[in-house]
Amino acid sequence: MAYKLALVSAGLADATFTLTPKHEWDIAAGAALVLSAGGFVLTLDQQPLRCNQQSSLLPGLLAGGANLRDPLLAVLGECLPKAAQTR
């Protein structure tokens, strides 16, 4: 997954995703590359990636170039879980 994220950050891939759980240490460096290149990294519930949480296991990931965030979410919106709303 880190390699795929590096491809996105270098502009050699438009987007990448995983639907299987990954530990944050497997993706943190690649995610940092994507973010530093101006892209986005979201969990499957459409929240920004946050590392160093109580559980290091992330349910899945979606990452891509900055210009693809809204179009990808529009296409995948029905398939992705919505973020939990807290009150």
Side-chain angles (χ1 to χ4, degrees):
M1 189 67 204
Y3 176 73
K4 291 179 182 181
L5 290 166
L7 291 175
V8 171
S9 73
L12 299 174
D14 293 326
T16 189
F17 67 94
T18 181
L19 301 176
T20 58
K22 302 286 183 212
H23 286 281
E24 65 183 29
W25 54 75
D26 292 327
I27 59 167
L33 290 172
V34 171
L35 294 172
S36 68
F40 70 93
V41 181
L42 301 173
T43 59
L44 291 183
D45 63 355
Q46 303 176 37
Q47 295 299 304
L49 176 66
R50 292 188 63 208
C51 293
N52 203 24
Q53 301 299 304
Q54 185 174 2
S55 173
S56 65
L57 192 62
L58 302 167
L61 198 69
L62 174 64
N67 295 332
L68 292 177
R69 183 180 190 274
D70 292 337
L72 274 176
L73 291 178
V75 169
L76 298 174
E78 296 294 320
C79 302
L80 296 174
K82 301 295 182 209
Q85 295 182 1
T86 57
R87 291 183 183 213

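- Distance check: Leu57 CG to Thr20 OG1 gives 9.5 Å after rounding to the nearest 0.5 Å.
- In this structure, NZ on Lys4 lies 11.0 Å from CG on Leu61, to the nearest 0.5 angstrom.
- The structure places CZ of Phe40 at 8.5 Å from CG of Asp70, a figure rounded to the nearest 0.5 Å.
- A pairwise comparison of heavy atoms in Asp26 and Ala2 identifies O-CB, 3.6 Å as the closest pair.
- For the residue pair Leu5 and Ala31, the shortest heavy atom distance occurs at CD1-N, 3.6 Å.
- In this structure, CD1 on Ile27 lies 12.5 Å from CG on Leu33, to the nearest 0.5 angstrom.
- Linking ILVMFWY side-chain heavy atoms closer than 4.5 Å, directly or via other members, places Leu68 and Leu73 in a single hydrophobic cluster.
- Scanning both residues, Leu35 and Gly39, for their nearest heavy atoms gives CD2-O, 3.6 Å.
- The minimum heavy-atom distance linking Met1 with Phe17 is given by the pair CE-C, 4.0 Å.
- Under the 4.5 Å side-chain contact rule for hydrophobic residues, Leu19 and Leu76 share a cluster.
- Between Trp25 and Ser56, the closest heavy-atom pair is CZ3-OG, 3.2 Å.
- Of all heavy-atom pairs spanning Glu24 and Arg50, the tightest one is OE1-O, 4.4 Å.
- Note: Leu58 CG to Leu49 CG = 6.0 Å, rounded to the nearest 0.5 Å.
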